[in-house]
*Asks:* 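Once you've had a glance at the structure underneath, I'll fire off some questions.
Atoms within a ligand are numbered from 1 in the order they appear, just like the ligands themselves. All values below were derived from every heavy atom in this structure, side-chain atoms included, with hydrogens, water molecules and symmetry-related copies excluded.
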Amino acid sequence: MDVTLEILIVALVALVALVGVGAGLFVSRGRKELPPPEVLDEITTETIEHPEHPEPHLASEDEEPPFEEVPADEKAAPTTTIERPEAPGGRLARLRARLSRSNSSLGKGLLALIGREKLDDDVWEEIEDTLLAADVGVQPTQDLVESLRTRLRVEGVADPERARQVLRDELVAAVGPELDRTLHTVGDDGKPGVVLVVGVNGTGKTTTVGRLARVLVAEDRSVLLGAADTFRAAAADQLQTWGERVGVPTVRGPEGGDPASVGFDAVKQGIADGVDVVLVDTAGRLHTKAGLMDELGKVKRVIEKQAPVTEVLLVIDATTGQNGMTQAKIFSEVVDVSGVVLTKLDGTAKGGIVIGVQRTLGVPVKFVGLGEGADDLAPFDPAEFVDALLS
Ligand code: GDP
């Protein structure tokens, strides 16, 4: 019995031991299949951040919107195109064909006469008539004929090319290559240059102011316009339109208002804005000389309370001939004219008016108008002008 009991106890112990090992193995396997908590955390994070599975994008307030929203007021704003005007240099060369009428009657006429084999008194008389008919003026014509006669008597006319060269030289000398034709636009003490544009209505005064603005803008100067022609209803609108095309502001007053106060306000504004040049359009009413003197004189005087006027440009319509010259004389007696703008030279055979007007007024032609285009105002150059006449 003791032996049987012993065997039974040993078997029971062995069984208990076996069950314990099996349970240990089972528990161990189970632990290995479940990773520790920190490893679990890593795996979870990796899964969320995996590039192949991006998080759904939730835009925050700080983030840029996916496209740029155009504000409503910007959507409604009109697009104004500011023009870039043509550079003034070379305009006369571009427009030389516009002098064709003057070219055929004055230039070709003179070339034909001077090219004759024999230059007798009759031929010289014809030369004189040709110059007079082209508005060169009496005294300048006599001077020109005299100098041509002297030179051709000495140098002879056997060579037509030589005669042509002499004619060219004498015409250039008569136009005055030594005259200062720069537009005076540099003001004193950092103030703007002030250009006063005067002339009879209809000569192209307002057009000239607009075109001068373009010349200055093309030279990278800042400009402001003063619409002091308060008498002609549309003048201020016309001027403002010229200015807007090249991004230049216009100071204007009430219609029929005092031109001097508009000029004053324009220059004051120009000083405040620090612009380079203020261009002032004026009214060109030729009622009486005294009335004109009062008006223009006052405009200039009042403007000069702000800054000195650096240039007074007189606009003359080249097609009006002697009548235009008479008007020009009156203006030059009223204000100190420092330069002439000869407009509509494209519409006349009388290109000699350039010489005539300079001699009559004692003031250089600084610009010529050769068409109705925005950039058809050319800085005047004597040699180029004569070459265009004789070409
Ligand atoms: P204002 O009354 O003196 O200010 O004259 P405007 O500036 O209004 O010009 C009168 C007219 O002359 C307009 O039709 C211009 O286009 C024209 N005009 C101005 N200059 C020239 C030019 O050089 N050639 C031609 N053919 N017409 C011009």
*Asks:* I need the single residue from D265, D237, D281 that forms a salt bridge (charged side-chain N to carboxylate O under 4.0 Å, His left out) with R252. Which is it?
*Replies:*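 Option passing the salt bridge (charged side-chain N to carboxylate O under 4.0 Å, His left out) with R252: D237.
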*Asks:* Anything with a heavy atom under 4.0 Å from ligand 1 counts, so go ahead and list those protein residues by chain and number.
*Replies:*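 Near ligand 1, by chain and number: V200, N201, G202, T203, G204, K205, T206, T207, R211, R232, Q238, T343, K344, D346, G369, L370, G371, E372.
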*Asks:* Could you work out, with side chain to side chain donor-acceptor pair (under 3.5 Å) as the rule, every residue matching Q238, not counting sequence neighbours?
*Replies:*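 Result, side chain to side chain donor-acceptor pair (under 3.5 Å) vs Q238: R232.
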*Asks:* Tell me, please, which residues at least two apart from E170 pass salt bridge (charged side-chain N to carboxylate O under 4.0 Å, His left out).
*Replies:*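 Scan of E170 (salt bridge (charged side-chain N to carboxylate O under 4.0 Å, His left out), adjacent residues dropped) gives R151.
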*Asks:* Run the side-chain donor-acceptor check on residues 312-319: report pairs under 3.5 Å with partners two or more places apart or on a different chain.
*Replies:*
{"unit_1": "D317", "atom_1": "OD1", "unit_2": "T319", "atom_2": "N", "d": "2.8"}
{"unit_1": "D317", "atom_1": "OD1", "unit_2": "T319", "atom_2": "OG1", "d": "2.5"}
{"unit_1": "D317", "atom_1": "OD2", "unit_2": "T319", "atom_2": "OG1", "d": "3.3"}
{"unit_1": "D317", "atom_1": "OD2", "unit_2": "K344", "atom_2": "NZ", "d": "3.4"}

*Asks:* Could you give the distance from CZ (R98) to CG (L92), rounded to the nearest 0.5 Å?
*Replies:*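 Those atoms lie 11.5 Å apart.
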*Asks:* Is the closest basic N to carboxylate O distance between D258 and K298 below 4.0 Å?
*Replies:*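 Salt bridge between D258 and K298, a charged N being under 4.0 Å from a carboxylate O: yes.
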